[in-house]
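Numbering of residues begins at 1 and proceeds along the displayed sequence. Each ligand, and each atom within it, is numbered from 1 in the order the structure gives.
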Amino acid sequence: MNLKKALSNSIFNTITKAADDLSLESYVIGGFVRDFLLKRGKEKDIDIVAIGSGIKLARKVSDLLPSKPKIQVFKTYGTAMLKSNDIDVEFVGARKESYAQDSRNPIVEDGTLEDDQNRRDFTINALAIKLNSDGYGELIDPFNGLSDLERKIIRTPLDPDITYSDDPLRMMRAIRFATQLDFMIERSSIESITRNADRIKIITNERIVDELHKIMLSDVPSKGFLLLEKTRILQHILPELTALKGIDEKEGQKHKDNFYHTLEVVDNISKHTDDLWLRWAALLHDIGKAPTKRFSKKVGWTFHGHEFVGSKMVYKLFKRLKMPLNDKMKLVQKLVLMSSRPIIISEDHVTDSAVRRLIFDAGDHIEDLMTLCEADITTKNPRKFKKYHNNFQIVREKMKEVEERDHIRNFQPPVSGKEIMERFNLKPSREIGTLKEAIKEAILEGEIPNDKEAAIAYMLEKANEMGLKKS
Ligand code: CTP
């Protein structure tokens, strides 16, 4: 099969010329070829493998390019990188790689194209297209990767136990590709992953999180999480989630399986947002339910305070996985903490003051919170499903009405602490905080409108009650 049409980017002409000049056999390999054949339509980074020195080839390519791009050389790995028209091109010499037992350091020797293809992760990632003039565009596919692409199968070139033990992250990559591309992982691979799941422990958190993010950003993330669970990888990387599995029954009362419920919520939210952190919030919104689960004869199963406990767990989980402890983490925490609030409001008569408090507490994240809560509706009862959605619609309308009138979002106290100090000739003291809090409460409760005149009148009244004298 000839795939000249995959090589329309002009960088390939230059690589061909450089490879011919150096008489160095060269191929484009891996993700670029896979995604071209899948018509994924993304301008991909390009991986070039040379049968010889990849660094030499990179230098020659840079010489031939008018822009003479800088090359970055990684001597220890025998690789070199350059950027051309915003595309990263990585050059590597073909390697025959074997790993010493009990060591993570590979023994690297020069190899043939076949050696190099053998040590790649999946047949669909081992496809190579020749770049030299002699054989230009020829597809080299020793493991029937093309057929696996057509049949939508993830398969390793070698015995899966070997491929996965060479780099255990590949177990997650298999699941990530299956999720992103909607492929099946062949049975012997699934079995091997399940056997070797605990080897994921030797992989750095950064690489694990990278794969988790990619699973999370797929169209149907639950596919990946179900596979992670089935192969027992999930219990090593996100035990908080596997702890949600199962249905307990006592005295004829059951609760829902919060693991499968969570996955439904993640899939639901993914239909409405591509925001990675909102999707994380969906994944973690119920993690506090495992440690707070209780049963009592009177009320059945309860998860009191699970939102608070869950939001504390978010911090620990992010820290353990070395995820950023920044405003993104705080957003996830806040959404977990508030994840039941709109639901409680919508179950009851929707009052103005409840809606004002919701807007006040959620601040800029109110829309995200509503998106999460709507995704949280997973009831299979069509009547209830409709009712809950209708109620949320009422909450949304009320939010709009209240916000237009009261401007609670990004609430600024209508009377400042400084003004209070001046009026009552006070030094910084507890009384100022008490007065400010009383004004805020009165506005949220709807006792006074959110404007300065009303706030001052209310403040004077309160100050009088507190025995403060005007200056
Ligand atoms: N590869 C591998 N084992 C790994 C990582 C990568 O064999 N653990 C090989 C595969 O042949 C892969 C290529 O290196 O196609 C490039 O890796 P990478 O850039 O990580 O992945 P892509 O396949 O390009 O896909 P994506 O960009 O979606 O991650």
- Query: Mind checking whether F318 and W280 have parallel, tilted or perpendicular rings, split at 30° and 60°?
  - Reply: perpendicular
- Distance col, row Y164:OH vs R173:CZ, nearest 0.5 angstrom, shows 11.0 Å
- Gap separating the OH atom of Y260 from the OG1 atom of T378, nearest 0.5 angstrom: 14.5 Å
- Message: Checking F308 now: which residues fulfil ring pair (Phe, Tyr, Trp, His ring centres under 6.0 Å) with it, not counting sequence neighbours?
- Response: none
- Message: Under the rule for ring pair (Phe, Tyr, Trp, His ring centres under 6.0 Å), what residues qualify as partners of F360, not counting sequence neighbours?
- Response: F411
- Query: Exactly which residues line ligand 1, taking a heavy atom under 4.0 Å from it as the test?
  - Reply: G30, G31, R34, K44, D47, R120, D121, N125, D167, R170, R173, R176, F177, K214
- Message: Applying salt bridge (charged side-chain N to carboxylate O under 4.0 Å, His left out) as the test, list every pair that has at least one member in residues 369-385; sequence neighbours left out.
- Response: E264-K380, E374-R396
